[in-house]
Protein chains: 4
Amino acid sequence: MPKDSALPSRNGAASPGKEPRTARGRETLRRLLDAAAAEFGERGFHEASISGITRRAGTALGSFYTYFDSKDSIFSALVTHMSQSVAAAAAAAVAPGSTGVRREREALAGFLAFARQHKELYRIIDEAEFADPDAYRAHYMGTAKRIAARFDESVAAGTMSPGDNEVRAWAAMGMNVFLGLRFGVWGEEREPDDVAAEAERLLRDGLGPRG
Amino acid sequence: MPKDSALPSRNGAASPGKEPRTARGRETLRRLLDAAAAEFGERGFHEASISGITRRAGTALGSFYTYFDSKDSIFSALVTHMSQSVAAAAAAAVAPGSTGVRREREALAGFLAFARQHKELYRIIDEAEFADPDAYRAHYMGTAKRIAARFDESVAAGTMSPGDNEVRAWAAMGMNVFLGLRFGVWGEEREPDDVAAEAERLLRDGLGPRG
Amino acid sequence: MPKDSALPSRNGAASPGKEPRTARGRETLRRLLDAAAAEFGERGFHEASISGITRRAGTALGSFYTYFDSKDSIFSALVTHMSQSVAAAAAAAVAPGSTGVRREREALAGFLAFARQHKELYRIIDEAEFADPDAYRAHYMGTAKRIAARFDESVAAGTMSPGDNEVRAWAAMGMNVFLGLRFGVWGEEREPDDVAAEAERLLRDGLGPRG
Amino acid sequence: MPKDSALPSRNGAASPGKEPRTARGRETLRRLLDAAAAEFGERGFHEASISGITRRAGTALGSFYTYFDSKDSIFSALVTHMSQSVAAAAAAAVAPGSTGVRREREALAGFLAFARQHKELYRIIDEAEFADPDAYRAHYMGTAKRIAARFDESVAAGTMSPGDNEVRAWAAMGMNVFLGLRFGVWGEEREPDDVAAEAERLLRDGLGPRG
DNA sequence: CATGAATGAGAGTTCATTCAT
DNA sequence: TATGAATGAACTCTCATTCAT
């Protein structure tokens with residue numbers, strides 16, 4: 001399964017009515033988006049500047065507005081893209097037919113790998129809380145909903161015990177997010193596989209005393 | 001145990017060398033800190049303005065600088081204060097002698113209650129990622145360390161199974177943070193007790209199929 | 001000999017990286033520099049304001065920062081320009097082949113004429129003592145060095161008696177500066193030629209009793 | 001002859017109507033004046049602050065206004081005091097009965113000694129050009145007038161050749177000022193006596209070729 | 001489609017001065 | 001007489017956005 005099949009094409013990332021019509025235009029748009037990911041990731045939304053983006057992209061300042069309406073709109077495009085990319089990465093890491101706690105481990109492993117490759121992920125999603133609250137909410141609501149749906153399916157399949165799957169989904173999502181922050185972005189002293197294995201044990205058996 | 005025993009006095013919240021020396025000054029400082037919590041909580045660090053803070057506090061613009069060196073420094077003071085307050089609230093909610101997964105449930109319940117009372121909590125801590133990265137890191141590193149220490153103790157007491165307690169602490173912290181966001185700040189459709197109970201079940205027994 | 005041959009081009013007066021790239025930009029830069037000379041000359045560095053400069057230049061406030069990094073940097077550019085211009089004016093007033101005390105008189109006459117045409121000269125150089133001490137020092141050190149070099153040459157040529165030429169150069173420079181202040185800027189009741197002639201007599205024969 | 005006999009008492013330095021009435025008040029006033037000389041000398045008029053002055057003086061901010069009307073007024077008091085002090089120092093250095101070029105040398109030596117002891121002299125007088133133009137003008141006009149009067153007297157006594165004594169006085173004053181700046185304040189690599197001797201030679205015999 | 005100069009609202013910060021205690 | 005908190009006008013500088021070329 002081609003990894004990027006679920007990823008949105010960047011052709012649609014420009015603001016409405018500003019899609020490029022020529023190959024040269026598509027190239028400029030792509031350079032602006034890459035530059036914006038770097039700029040927002042390094043400096044955060046408010047510290048980032050349009051001139052910083054165009055400087056990185058090697059275009060003139062005014063060219064930015066050929067493709068985007070505003071600073072907000074390119075940031076939104078980026079958040080949406082990030083949100084979809086990370087969802088796709090997690091989905092792609094799940095083996096076909098996988099279920100239950102095992103499936104959650106695979107998704108976490110995919111997420112950890114993505115976070116290591118895209119360290120700007122947190123800076124962009126987190127700043128959306130302030131710069132684009134709707135997108136922020138949509139990202140976590142959507143992610144939780146996908147996890148809860150997996151849990152529902154697993155319960156039905158008998159590979160997971162029943163319970164309040166919305167609460168459990170938010171708990172599992174928080175777990176993943178903070179493991180990704182700590183062991184994907186801030187430090188790499190644990191192997192992703194070991195982190196995922198420990199998380200799987202927690203999710204399967206809990207922390208209660210054995211026996 | 002008096003709930004606030006671990007809270008820092010607000011006397012020390014002014015920038016160094018700017019501590020108030022009169023009762024009137026202490027009152028003004030307190031009004032500024034309360035106003036800043038509201039302003040930063042509602043608008044986020046960058047959208048917040050000093051004039052917004054002084055307007056809420058009912059002081060002149062220049063009075064802000066009688067007590068603080070800069071916008072950054074009052075924000076730092078607030079983040080530190082929040083960080084200490086939330087830690088104290090969680091600690092205070094734990095019954096003396098409590099241990100194991102039960103103790104984690106109590107701490108989470110304390111945290112959820114705190115989050116409901118202080119909805120600005122997330123806006124302030126989260127924006128520290130951008131406005132005061134050291135404080136942000138210190139907050140989560142410190143919280144994770146406290147949780148891991150509790151886990152170590154519980155394992156030693158036989159009330160928790162052994163495992164990689166650093167990874168587990170980050171997992172548990174993420175769980176708490178996201179449950180607090182969803183069911184403390186964004187919506188109140190679940191009772192905190194029910195959320196805490198579901199989390200306790202997850203932490204004790206995991207999600208694996210029951211045998 | 002074209003009088004301005006030694007003058008720096010104003011193209012290089014913008015802050016580094018902010019040089020204009022179009023004719024329109026060069027025109028704006030020139031207007032800002034002229035306006036700044038007037039503003040600093042009339043009001044002094046600290047009383048001068050950027051908005052005063054842009055108002056005189058007929059540009060928007062923000063346009064100032066298209067060409068200069070700060071108030072300090074345009075002031076520095078102006079001091080340097082003034083310093084070079086006055087040196088060039090003095091040099092240009094010296095007849096080729098002139099030497100000894102006669103040459104000093106010619107340089108003084110050139111300086112007096114320059115001071116009368118550029119009454120902002122003193123306000124700008126003098127305030128550099130506070131706003132740009134390095135440039136201030138460099139201006140007078142450089143001027144003294146040029147005068148001392150002329151003295152050395154004249155002594156070698158036998159058109160001047162030997163002595164401590166560094167001390168003498170500072171003395172002669174001070175003489176010129178104060179004659180320029182009094183009879184160039186503050187009042188014009190003496191003809192520049194008469195002033196220069198009196199100074200020449202002083203420098204040639206001293207004030208001692210004749211006979 | 002007591003050196004300070006011509007110095008103004010500092011009792012009269014407060015703003016009108018604000019003279020101290022008690023010994024404690026006189027002490028506070030004196031501390032403020034000393035602190036102001038240091039603050040203005042180190043930082044210049046505009047960079048100096050009232051709070052910097054009171055901090056140095058060890059008094060409360062508000063106490064400043066017990067003795068002075070404004071920042072300008074204490075600066076004016078200081079400029080006047082400096083101007084009178086330097087005049088007194090030069091006068092005191094002249095031997096009774098001295099005349100002609102010899103007398104000028106003595107006055108210069110007194111001035112150089114004063115400048116070395118009061119390095120804030122230039123910063124204060126020079127900034128008066130901007131902060132108190134009338135006092136600045138009065139200082140130099142007055143100084144030039146005193147020098148010219150000495151010249152007149154010397155010419156009448158036959159110890160000096162006749163000439164345009166106003167022009168010559170400004171020339172001599174500028175000489176003194178710049179020698180004081182260079183060899184009194186900026187560097188001390190020349191002995192004051194040697195500087196004064198070189199200046200005397202210049203003033204007596206000029207720089208023309210001997211013979 | 002690309003360029004880069006021009007715009008101006010708005011921010012944080014300073015500090016001389018006032019005043020109640 | 002001394003204190004120090006309060007005031008607010010004024011400043012420099014930033015940068016998203018517009019627009020003529």
Side-chain angles (χ1 to χ4, degrees), chain A residues 18 20-22 24-25 27-29 46-54 58-74, chain B residues 18 20-29 46-54 58-72, chain C residues 18 20-29 46-54 58-72, chain D residues 18 20-22 24-25 27-29 46-54 58-74:
Chain A
K18 302 202 164 182
R21 282 175 216 285
T22 70
R24 186 192 182 195
E27 164 68 8
T28 301
L29 171 59
H46 282 98
E47 297 301 314
S49 66
I50 305 297
S51 71
I53 292 171
T54 53
T59 72
L61 180 55
S63 299
F64 177 87
Y65 291 90
T66 307
Y67 299 103
F68 297 98
D69 288 333
S70 65
K71 187 182 180 183
D72 284 281
S73 78
I74 192 176
Chain B
K18 302 204 164 180
R21 262 165 241 211
T22 68
R24 189 188 180 196
R26 274 187 295 278
E27 163 69 10
T28 302
L29 172 57
H46 282 99
E47 295 302 315
S49 67
I50 306 295
S51 68
I53 292 172
T54 54
T59 73
L61 180 52
S63 297
F64 177 87
Y65 293 92
T66 305
Y67 299 103
F68 298 98
D69 288 332
S70 64
K71 187 181 179 184
D72 284 275
Chain C
K18 303 203 163 181
R21 263 165 242 211
T22 67
R24 187 189 181 197
R26 272 187 297 278
E27 162 69 8
T28 302
L29 171 58
H46 282 98
E47 296 302 316
S49 67
I50 306 296
S51 67
I53 293 172
T54 53
T59 72
L61 178 54
S63 297
F64 176 88
Y65 293 92
T66 306
Y67 299 103
F68 297 98
D69 288 332
S70 63
K71 187 183 179 182
D72 284 276
Chain D
K18 302 204 165 181
R21 280 176 218 285
T22 69
R24 187 191 181 192
E27 164 68 9
T28 303
L29 171 59
H46 282 98
E47 297 300 314
S49 66
I50 305 296
S51 72
I53 292 172
T54 54
T59 73
L61 179 54
S63 299
F64 178 88
Y65 291 90
T66 306
Y67 299 102
F68 297 98
D69 287 334
S70 65
K71 187 183 181 183
D72 284 281
S73 78
I74 193 176

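Since this is a predicted model, take the numbers as computed values, not measurements. Just the heavy atoms: all of them, side chains too, but no hydrogens, waters or symmetry mates, feed the values below. To find a chain, count down the sequence lines: A is the first, B the second, and so on, and within it residues start at 1.
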Nearest to side-chain heavy atoms of [X], which nucleotide of [options]:
X: D:Ser49; options: E:dA16, E:dT7, F:dA16; result: E:dA16
X: D:Thr66; options: F:dT3, E:dG8, E:dA6; result: F:dT3
X: A:Ser70; options: F:dT3, E:dT17, F:dT17; result: F:dT17

Which residue, B:Lys71 or C:Lys18, contacts DNA chain E at a nucleotide closer to its 5' end, judged by nearest heavy atom?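 On the 5' side of the pair lies C:Lys18.
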With nearest nucleotides of DNA chain E determined for C:Gly58 and A:Phe64 from heavy-atom distances, which residue corresponds to the more 5′ nucleotide?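 That would be A:Phe64.
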For the pair made of [atom1] in [X] and [atom2] in [N], what is the distance, rounded to whole Å?
X: D:Leu61; N: E:dA20; atom1: CG; atom2: C1'; value: 15 Å
X: C:Ile53; N: F:dC13; atom1: CD1; atom2: P; value: 10 Å
X: D:Glu47; N: E:dA16; atom1: CD; atom2: P; value: 11 Å
X: C:Arg26; N: E:dG4; atom1: CZ; atom2: C1'; value: 13 Å
X: C:Glu27; N: E:dA6; atom1: CD; atom2: C1'; value: 14 Å
X: D:Leu29; N: F:dT1; atom1: CG; atom2: C1'; value: 13 Å

Show your working on side-chain contact (heavy atoms from CB on, under 4.5 Å) between B:Asp69 and B:Lys18 and close with a plain yes or no. CA-CA 8 Å; B:Asp69 288 332; B:Lys18 302 204 164 180; 3.2 Å; yes
So which nucleotide does F:dT3 pair with, by the Watson-Crick or G-U wobble rule with both distances under 3.5 Å?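 Because both required distances fall under 3.5 Å, F:dT3 counts as paired with E:dA20.
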Quick one: look up who E:dG12 pairs with, Watson-Crick or G-U, both distances under 3.5 Å, and put none if it's unpaired.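 The answer is F:dC11, by the H-bond criterion.
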Looking at CD1 of D:Ile53 and CZ of D:Phe64, how far apart are the two atoms once the value is rounded to the nearest 0.5 Å?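 Going from the CD1 atom of D:Ile53 to the CZ atom of D:Phe64 covers 5.0 Å.
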How long is the straight-line distance from OG1 of C:Thr59 back to CG of C:Leu29, given to the nearest 0.5 Å?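 Those atoms lie 11.0 Å apart.
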Hey, which sits more toward the 5' end of DNA chain F by its nearest nucleotide, B:Arg24 or C:Asp69?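 Nearest-nucleotide comparison on DNA chain F picks B:Arg24.
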Between B:Thr22 and A:Ala48, which is nearer to the 5' end of DNA chain F once each is assigned its nearest nucleotide?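 Comparing both residues, the 5'-ward one is B:Thr22.
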Which part of the nucleic acid, if any, lies within contact of [X], taking any heavy atom under 4.0 Å across all strands shown: a base, the sugar-phosphate backbone alone, or nothing?
X: A:Phe68; answer: nothing
X: D:Gly25; answer: nothing
X: C:Ile50; answer: sugar-phosphate
X: B:Ser63; answer: base

Any [X] side-chain nitrogen or oxygen under 4.0 Å from OP1 or OP2 of [N]:
X: A:Tyr67; N: E:dC1; value: no
X: C:Thr28; N: E:dA6; value: yes
X: B:Tyr65; N: E:dT14; value: no

Is there a side-chain contact between B:Tyr65 and B:Ile50, using heavy atoms and a 4.5 Å cut-off?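 When only atoms from C-beta onward are counted, B:Ile50 and B:Tyr65 do touch, with a gap below 4.5 Å.
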I need the minimum non-hydrogen distance between B:His46 and B:Lys71, along with the two atoms involved.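 That would be O-NZ, 3.6 Å.
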Looking only at non-hydrogen atoms, find the nearest pair between B:Gly25 and B:Pro20 and report the distance.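 Minimum heavy-atom separation between B:Gly25 and B:Pro20: C-CB, 3.4 Å.
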